[in-house]
Amino acid sequence: MVSASAWLILILVWMSNSVRAEQNLRWEVGYMRWSPDGVEDVIMTINGHYPGPTIRAVAGETIQVHLTNGLPTEGVVIHWHGIRQIGTPWSDGTASISQCAINPGESFVYKFTVDRAGTYFYHGHFGMQRSAGLYGMLIVNSPQGQETLQYDAELDLLLSDWWHSSTRDQEVDLSSNPMIWIGEPQTLLMNGRGQFNCSLAANYGNSSLGPCNIKGGEQYAPYIFHVQPNNTYRLRIASSTSLSSLNLAIGNHNLTVVEADGNYVDPFTVPNMDIYSGECYSVLFTTNQDATQNYWISAAVRGRKPATPPALTLLNYQPTSASQLPLSPPPVAPAWDDYDYSKAFSNKIHAPTGSTPPPPSADRRIVLLNTQNNVDGFTKWAINSISLSLPTTPYLGAIKYNLTDAFNQTSPPDHYSPADYDITQPPPAGQVTTVGNGIYTFDINSTVDVILQNANTLTPNDSEIHPWHMHGHYFWVLAYGEGKFTDADAAVLSNSTAPPLRNTAVIFPNGWTALRFVADNPGAWVFHCHIEPHLYMGMGIVFAEGVDLLDVPTDGLACGLTAKYLMNN
């Protein structure tokens, strides 16, 4: 006879090894007054929480989110960043691309499968709602017994930046003639918390700010990471920043990078790491320092001249009191413009041995020149001299129902013109830039090379960092290069050594980045700079493949010309 307690143990073991068929969530997006950095403001929340609730799932599980728009005057969508939406492109959460914006008071059901274990996040993808605080983490674990990494516990870190001007004000400023730049963020946040106009490290004498008067219960009190001595932790990191590139460090602790954008990488160890908007990582670190002390966790601005103090919190070795400050000042980040340091980190990221290599060659290559331009007095970002302006009819429905008037049917150019464009100088006065909404169409299952070519902005001697994020796919990062991409560079792309599989990649000032992907996921997808104001000002493209193979549901498409089509049919 098996005892009742033994049966209970067997049932619990079976449950822990089985994947839930479906996880159902009911969310409502709303406004709330909150103090993420000690200054009260209006913030976007989900079910009254900021940041939004963390989703924890198991690879292979189906997630269903019944989302209600509780905002009184604006639409909303949510993008599940890094989830490929295989077979469910209508759940990608991109307004005017995969769906209509959800109107105030209305609901939409996102239903998708999380097919790959890894670290992800979600965020608003309508206007600049990510800047308003609409984001949260999405963690996908391996099925029981299938995780190859060895560690004792997990910690989650969501990075973001915060302005004291509303996103409505920012949108108006960016759309003005002449443009009014939004400026640098007032605060950097860790898990939705930061400190404005004071410093946790003021007592060390290297801060121009006074000490923070924090008792521990405030909304902006630092999120403390509690750890046990002599354990190995997996720190999952996601950057939902709207503008800032960051350097992350834990005082006295090395970081071993093991995952990037939901894909394992060949492990490597660094004292600190750069992380760009849209990127996700897992790092392992061991709590092998003096257990009677605490240690700083710091995130500082990189790639832009810092006007925002670093974000700070504590790694608290228990049972040491969290009120005990570290003996040493916070880690010092590399110089903000030390791009060689940044490139060295990016070049350390390789796929692990045994990973699937990219196809040996591509069927098509597109070269995308990133420029800042003046269009009738308005400052825009453009790709091959076209600044993206999304149509009122979502591309997915327009393509499926052959609504040719919904967007420009002429494909954007595969290469920029003129071929002798000087990337080291501001755009010449005669360079014609237009606003458009045409798309790239790829043959299903074709292999595509994308060359992201950076260039100078409208300001002399200025070229910015741009992290590019692709929806619906992963791509192999084949190479980074200096200056202008040439035929000589093209010859070495297929010799790339262990290229990592990513969904977000950076292009450095006056340089290029080469990517390769397989267009094997039917749908309409956006590929864009993940810096929020850059996308808002037109820095992106849209592409599609295999839409005719899809049975597209009508939910979420009742706007623009698709609304008229559905009413008449």
Side-chain angles (χ1 to χ4, degrees), residues 83-92 94 96-99 112 115-116 356-369 383-384 386 388 390-391 393-417 436-453 468-479 485 487 489-491 493-494 496 499 501-505 512-528 540-553 557 562:
I83 306 301
R84 291 181 291 175
Q85 300 294 347
I86 297 174
T88 54
W90 43 84
S91 285
D92 191 46
T94 47
S96 295
I97 299 167
S98 63
Q99 68 172 112
F112 53 91
D115 64 304
R116 185 186 296 254
T356 301
S361 61
D363 301 302
R364 182 175 174 185
R365 176 184 299 140
I366 59 175
V367 182
L368 304 178
L369 178 68
I383 306 302
N384 291 355
I386 300 176
L388 179 63
L390 296 174
T393 301
Y395 289 103
L396 186 63
I399 298 168
K400 179 63 179 179
Y401 303 126
N402 196 29
L403 305 176
T404 57
D405 291 336
F407 62 92
N408 189 337
Q409 298 297 300
T410 301
S411 176
D414 280 12
H415 302 273
Y416 60 87
S417 179
N437 55 27
I439 68 169
Y440 294 89
T441 302
F442 300 130
D443 294 334
I444 191 70
N445 294 323
S446 62
T447 300
V448 182
D449 277 359
V450 177
I451 311 300
L452 295 168
Q453 176 66 68
W468 274 73
H469 171 60
M470 183 178 289
H471 291 226
H473 305 75
Y474 291 120
F475 49 72
W476 289 273
V477 183
L478 299 181
F485 182 82
D487 290 340
D489 296 317
L493 292 187
S494 295
S496 178
L501 205 57
R502 305 290 302 269
N503 61 54
T504 303
W512 55 265
T513 299
L515 316 174
R516 179 170 293 169
F517 75 98
V518 179
D520 58 358
N521 191 8
W525 312 101
V526 63
F527 180 39
H528 62 93
I541 65 168
V542 175
F543 62 89
E545 75 241 20
V547 175
D548 58 311
L549 303 175
L550 294 167
D551 184 13
V552 179
L557 294 178
T562 46

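Source: prediction; values computed, not measured.
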Which of Val450, Asp414, Val542 passes side chain to side chain contact (heavy atoms under 4.5 Å, CB included) with Tyr440? It is Asp414
Consider side chain to side chain contact (heavy atoms under 4.5 Å, CB included). Of Thr410, Thr404, Asp405, which one does Asn408 pass it with? Thr410
Could you give me the CA-CA distance, side-chain angles and deciding distance for Ile366 and Ile451, then say whether side chain to side chain contact (heavy atoms under 4.5 Å, CB included) is met? CA-CA 6 Å; Ile366 59 175; Ile451 311 300; over 6 Å; no
Is the centre of the Phe442 ring less than 6.0 Å from the centre of the His473 ring? no
Measure from the ring center of Phe543 to the ring center of Phe517 and say whether it is less than 6.0 Å. yes
Mark yes or no for whether [X], through its side chain, and [Y], through its backbone, hold a donor-acceptor pair below 3.5 Å.
X      : Y      : value
Arg516 : Pro359 : yes
Asp115 : Ile86  : no
Thr447 : Val518 : no
Tyr395 : Phe407 : no
Asp363 : Ser446 : no
Gln85  : Trp90  : no
Asn384 : Leu369 : yes
Asp520 : Asn445 : no

Where does the angle between the aromatic ring planes of His471 and His528 fall among parallel (under 30°), tilted (30 to 60°) and perpendicular (over 60°)? tilted
Distance-minimising heavy-atom pair for [X] and [Y]:
X      : Y      : value
Arg84  : Trp525 : O-CH2, 3.7 Å
Pro412 : Ile386 : CB-CD1, 4.0 Å
Pro358 : Leu478 : CG-CD2, 4.2 Å
Ser98  : Asp92  : OG-CB, 4.0 Å
Gly540 : Leu388 : O-CB, 3.5 Å
Val477 : Ala505 : CG2-CB, 4.2 Å

Can you tell me how far [atom2] of [Y] sits from [atom1] of [X], rounded to the nearest 0.5 angstrom?
X      : Y      : atom1 : atom2 : answer
Arg365 : Phe485 : CZ    : CZ    : 4.5 Å
Ile541 : Leu368 : CD1   : CG    : 5.0 Å
Thr562 : Lys400 : OG1   : NZ    : 14.0 Å
Gln409 : Ile399 : CD    : CD1   : 8.5 Å
Thr94  : Leu396 : OG1   : CG    : 8.5 Å
Asn503 : Phe475 : CG    : CZ    : 6.5 Å

Evaluate the side chain to side chain contact (heavy atoms under 4.5 Å, CB included) criterion for residues Phe527 and Leu515: first the C-alpha distance (whole Å), next the side-chain angles of each, then the deciding distance (0.1 Å), finally the verdict. CA-CA 12 Å; Phe527 180 39; Leu515 316 174; 3.8 Å; yes
Under a 4.5 Å cut-off applied to non-hydrogen side-chain atoms, are Ile444 and Pro522 in contact? yes
Can you confirm whether more than 12 heavy atoms, excluding those of Asp548, are under 6.0 Å from its CG atom? yes
